[in-house]
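For the numbers below, each heavy atom of this structure counts, side chains included, while hydrogens, waters and symmetry mates do not. The structure displayed is predicted, hence computed values, not measured ones. Quick note on labels: first sequence line is chain A, next is B, and so on, each numbered from 1.
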Amino acid sequence: MSQLDKQYDPLVVEKEVLKFWDEQRIFEKTVRSREKGPRWSFLEGPPTTNGFMHVGHARGRAMKDAQIRYMTMCGYNVWRRAGWDMQGLPVELEVERNEGIAEKGQIETTIGLDKFVQKCKELVDFYLGRWVQDSQRLGLWLDYDTAYQTRRDDYIEHVWHFLKLASEKGLLGRGYRVNPTCPRCVTALSGHEVSQGYKRKVDPSIYVKFRLVDREDEFLVIWTTTPFTLISNEMVSVHPDYTYVKVDVGGEYWWVVKDLLETVMAKVGVSSYKVVEELSGSDMLGWKYVHPFLEEVEWHREHHEEYMHAVVTGTHVTVEDGTGLVHTAPGFGPDDFEMGREYDVPVFVPVDPTGRFTDEVPMFAGKYVFDMNPVVCEMLKEKGTLVHEETIEHEYPHCWRCDTPLVYLADNTQWFLKMTGVRDRLVERNKEVHWTPTWAGSGRFGDWLANADDWCISRSRVWGSPLPVWVCTECGHEVVIGSRKELRERAVEFPDEFEMHRPWVDRVVLKCDKCGGEMRREPFVTDCWLDSGMAHTASVDYLKDPSLFNELFPYDFITEAVDQSRGWFYSLLYTSVVMHDRAPFKACVSQEHVLDKDGGKMSKSRGNVVWARDALESVGADPFRIFVLTKNASWNRTNYDPAEIEMLKKKLSVLWNVVLFADTYMALDKYRYDESRMRAALSGARLEDRWLLSRVQSTVEAYHEAMRAYLWHRAGRVLLEFVSEDLSRVYLPLVKKRVWLDADDPEKVMAYDVLFYTLHAVVRCLNPFTPFLAEKLHRSFLMRYCDLPESVNLTDMPLPDKDLQDDEMEATFDLLEELRSAASHARNKKGVKLRHPVARVMFVPASEDAARRARSLIEILLHDLNTHEFVVLDSDVADEFTRLSVTPNFKALGPRLKKKMRRLTKFLEEEVDGAWLRNELETHGRAKVVVDGEELELVAGDVEFHESVPENLSLAECRAGKVIVDVTRTRELEAEGLVRDVTRRVQVMRKELDLSVEQMIDLVIHFSDDESMELVSMFKDYLSNETRAETLRLVGPSEAVAWKRWNYSVDWEIDGRKIRVGMTPK
RNA sequence: GGGCCCGUGGCAUAGCCUGGUUAUUGCACCGCUCUGAUAAGGCGGGGGUCCGGAGUUCAAAUCUCCGCGGGCCCA
C-alpha cells in the first residue's frame, strides 16, 4: 500500500514533515552531518521584531533558505545563525499606544522608563516568537537557538566598541541636523512620520523687500509663508542659471526672477513697472543686503561672514511660486541648512524645541513661533518693507500624533559618523563584492556611496543602544566608553543592578579626568541601523572570542530587499570598512518587493497586506515557495496572486502523480533499486530510457549553473519544466505499457530503475524549493526502494554524470516530440481520431540528421502515432504532392541589397514561380530575377523553399520536416479502431467498480449486429489483455446473455453500433 | 527635484546584452481529441499599437534619445 495520498495536499504533507523534523531533530542532524565540509557562511539580515511577517518578507526568506539548503546538500558546512533586530522607534511607538502614552515626554511621568523598557522587551519577545513560528512554517532552516539579538548587552557592547574605535579615528562627532520637530511632543520626527501627517493649513503669504547695500534704492523681493523665520534669515538664494530682472516700480527698483515677473506684479498690485536690467542668478552672487531685523536682533549685528546677509546661488530654487529669490534661514530648513554649510555661514537658531523664542530675540523671548507671525508682519509693515500680505492654504506637515504643525529646527547636539576619509574606501571595497544583479552594486549602491553624507546616528529615544558618550558637567570634556568593563572602572559608583539600556546606563556617573567633575551620559540612543550594521562582528560574539569571526568573515552571502541598500547594506559596509577595512560580504543578492495582485504597493493603510502566516496556511509553504522563487528573477518585483500559486500547485501535483504511479507498481513488484544493475543494462536499454537519463544530466547541469549564480528562478523553472514535460508528458506514457510485463522482466526492471534514478535526482534538486514535498517523497517513496538516510537533507546533490549524457539521444527525442505533434496536427485536420489506427505515416525530413534520427524511432512512432507503417521519404518523392513557396533569407540578402530588400520580399511573395526558381538554383547555382524592372541575381542560400498542400493525404510541417498521414480506411483498421473503442468502455466500467489495476475479471460483450462482433473478434486477444479479462465471451445478436449472473453490465453505443458489456471480478 | 528598475494578447511571462523568416510559453476562452496520472493530457483556433513618439538601419520588441505609466531609494 502506498504511503502517499491519492492527491497532493500541501497542508497535510507539511504538517507531517514539520512534525518529523521536530521529533527527529533533523535540522541538528543535518548541521552535524556537514561539520567536516568546507565553510560557507550566510549572514542573516535581522528582521525587525515589530509587526508580523508578510509575503514580501517571506519571499526573501524563501530565497535565503533555497540557497542555504542547496549549499548544505553540496557538502558545505553552512553558517546560518538567525538574528533579530529588536530596538528602535517603531517598538516604542507601539508600546506608547498600548500604554496610552500620548507623547514621549510623558513616559517618565506616567509609567517610568524602567517599566517602559520592560514593556518594549515584552513586545519584541512577542513578535520574535511569531517570527520564529512563521519562519519555521515557511521551512526556513536557520539556527534559531543561538540567534543574535541586537537588544542584548553582549551585542550592544559591540556597538560601543565600534563607536569608541570610530571616535579614536576621528569619525565620531557632533553636528547640526535640521529636524521636523513637534513643539508639543518636544520630539523630532522621522521622515516616515512626517509623510504620514501632511494636512491643509492656512498660513500668511507675504512678499518682503530687502534693501541692497551699495545699490541705491534697489531691493530683493522674497516670499515666505513662515514670517517668524525671517528673524533668522541669513541669506537669499537665487538659481545660478535663471534670469533675474531689475524692475522700476516708481522711485525704487525690485529684483525678481524674470519668469515670475508678471505673476508677482499682479499679486502685489503693481500695474505700472518697467524692466531696466537683466542678469543671470550667478551674477548676483555675493550681493549684500540689510537684514530686516538688524536693529532688533543683536546676533545679526555681530556676524559679518562673507556670505552673511548676501545673495547665494543654489539649484533648489524653483519658479513654481514666490519670486525666484528664496529667503534662507539655515536654522529652519534642510535646504537652507545646506546652503549655510556650503557658504560657511553660521547657523542661528533662536528657538527652543518647544517652539518658543529664546533670549537671543529679547522682544519675542518665550513666545510661540506661530503666534509671532502676525507680529512680524506688523513690524515689517511699520518698517515699510512689507510689499504684500495675504493668506494661503497649503499642505503642511503636522505631528501625526497630536496634529500640531511641525517646525523645522536645526539642532547642533546630534552625533554623526563622518564620511570624510572613509568614502573612497567604501567605494573601493564595494567593488570587490559580487552583486546580483550587477547593476544593483555598481550603479545603484555604488553611486549612492559616492554621494553619501555623514550619518546621523543619534536619536532622542529610549529603546535603543545607548550612545556611549559621557560629558563633564563642569568642563565639557567628553569620553567615549568602549565596553562595560571600562565603564565599571571609570564609574564613580557602579550600581548592583545594571544593564546597558536606559535608564540604568544613565545612572552611571563618571569622574572627569580633566577637572574631576561629574560626567553624565549624552541622553541619546543610536540609530538602530548601527545595531544591525554591526552584525558581521557582533553576531558571532567577536569581543568574547574572535575565533568564529576569523573563520567566517567575510561572509559568503547575504540577500535582502532593495531598500536595504541605504539601510543594512550600507551600515554593514561602513562599520566593517572602518573596523576591518574590507566588505563584510562577498556576494549580495538584491531583491525587489512583492506587490499586491494588481501591482499596487502593500500597505497597512490600504489594507492590502498579505501576512505570511495566512498565505502559508491557505496555499501551503511549498507552493508558496516555488511560486516566489520561480515567478521572477529576484531583482524583479512580483505581484502576489494566489491564483497563480494554484497553478504551481498543479505542477507539483503532476510530480506527486508520477511518484504515485511509480510507487504503486514498484510496491506491487517488490522492487529494489540497484544503480549498478541499471548502468550495466544501459547499452542495451530502450531509447526512451537512455534519453531520460541523459535529460536528467542536462537538467542537473543547468540547475547547478543557475544555483551557483543565485538565479533561483532559472533553476526552479528548469526543474519544473523537466518534471512536467520530459518526465510526465513524454517518458511516463512510454513506460506505462511496461508495467504489465512480468515483475522480473529486464525491460520492466530497467524502467523502474530509470524512474527511480530520475525521481531521486529530482527530489534532491527540488529540496531547496519545496523542502516539505521533497522530504515526503524521499521518505514515503525513495526510502522504500533503496537504503537512504532518513532525510533528503542528509543526502548529496546529484552531479551531472557524463556517462549517462548523450546529446544525440536528446536530439532524437526532440524529433520524436515534433513528429508526434505534427502527426496529431495532420490527423486533426482530417478528423481522424488517434484511437483509430492509420495505414501509413510518411516523413519528409529537412536534414540528414532528422532522417537518421527518425529511422531510429520507427518502433516508438508506430505505437505513438498509431500507424501500421512509418516511412522516411526522400524530398523528391514528396514533390509530387506539394507546391513551392519562397521566402528570402534576410541575413544573407539584407546586407547585399539594402534598400531593394523590401521590393524583393514582395516579389518573392507574390510573383515568383517557385518551382522554376528552385530548379534554376539547383542546376546553375544562381538565378536572375527582374524586380520592378531591375535585374537581380540570386544564389543558392539566398532564399528558402517551403512545400504545402496534401491531396487525399494530410500534411503538417514542423522544424524537422513534413509529416504526411495516409488516412485511407480498411476493414482491418476499422476493426482495430472499434476494439480500442470497446476496450476503453470496459476500462471505464472497471474504474466505476473501483477495481484495482491488477484485478482480473470475467468479461462478456453482447453485440446487436454480426459485423461488429466479427470486427472485434479479429482482436480478441488484444481486448482481453488490455482489460485483464481471464475469460472473454463475444456474443452475437441471435444469442442471449443471462445478465443477472454478471455483477455489472452497461449498454454502450459506439459510432452507431450498440453493445452491452458485462463483467464480474474474479 | 535626483538615481535605479519594470512596462510584450484578458492575466502572467520568454526573447532584449549579441537587430533578421510567422514574437515564446502558461492560465483563461472556443472547437476537436485522448485516457487506469482523470478536478489531468494532446491537437487546433481566436485574441498583440511588443507603453507612446522620434532617431540609427535594407531591417527595431531588441540599439539611441525624448516622453508616459507603475515601483523602489534618496532629497
Thinking salt bridges, do A/R738 and A/E688 make one under a 4.0 Å N-O criterion?
yes

Using the [atom1] atom as the point on both nucleotides, what is the distance between [M] and [N], in whole Å?
| N | M | atom1 | answer |
| --- | --- | --- | --- |
| B/A61 | B/U8 | C1' | 7 Å |
| B/G46 | B/C32 | C1' | 15 Å |
| B/A14 | B/C6 | C1' | 15 Å |
| B/G9 | B/G26 | C1' | 13 Å |
| B/G1 | B/G20 | P | 38 Å |
| B/U62 | B/G19 | P | 12 Å |
| B/U64 | B/G7 | P | 14 Å |
| B/C50 | B/C34 | C1' | 36 Å |

Whole Å only: how far is the [atom1] atom of [X] from the [atom2] atom of [N]?
| X | N | atom1 | atom2 | value |
| --- | --- | --- | --- | --- |
| A/E646 | B/A28 | CD | P | 12 Å |
| A/N866 | B/C34 | CG | C1' | 11 Å |
| A/K651 | B/A40 | NZ | C1' | 13 Å |
| A/N639 | B/G7 | CG | C1' | 12 Å |
| A/E644 | B/C11 | CD | P | 12 Å |
| A/Y640 | B/C11 | OH | P | 21 Å |
| A/L660 | B/A40 | CG | C1' | 13 Å |
| A/W455 | B/A75 | CH2 | P | 14 Å |

A/E560 side chain to A/G45 backbone, donor-acceptor under 3.5 Å
yes

Please check this pair: side chain of A/T313 against backbone of A/P240, looking for a donor-acceptor N/O pair closer than 3.5 Å.
no

Quick one, A/L426 and A/Y570 - any side-chain contact, counting heavy atoms below 4.5 Å?
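Answer yes - side chains close enough.
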
State, yes or no, whether a side-chain contact exists between A/T983 and A/T1027 at a heavy-atom distance under 4.5 Å.
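Yes, close enough: below the 4.5 Å cut-off.
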
A/Q999 atom CD, neighbour heavy-atom count above 12 within 6.0 Å:
yes

Does the structure show a Watson-Crick or G-U wobble partner for B/C4, both distances under 3.5 Å? Name it, or say none.
B/G71

Any strand counts, and the cut-off is 3.5 Å on both contacts for Watson-Crick or G-U wobble. Which nucleotide pairs with B/C29?
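Matched B/C29 with B/G45 under the 3.5 Å cut-off.
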
Position toward the 5' end of RNA chain B (nearest nucleotide), A/Q7 or A/T983
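It is A/T983, whose closest nucleotide lies nearer the 5' terminus.
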
Below 6.0 angstrom between ring centroids: does that apply to A/W435 and A/F569?
yes

If you take the centroid of each ring, where Trp contributes its six-membered ring, are A/W455 and A/Y574 closer together than 6.0 Å?
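Yes - the distance between ring centres of A/Y574 and A/W455 falls below the 6.0 Å cut-off.
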
Does anything in residues 710-719 of chain A reach RNA chain B, meaning a heavy atom under 4.0 Å, and if so which residues?
A/R717

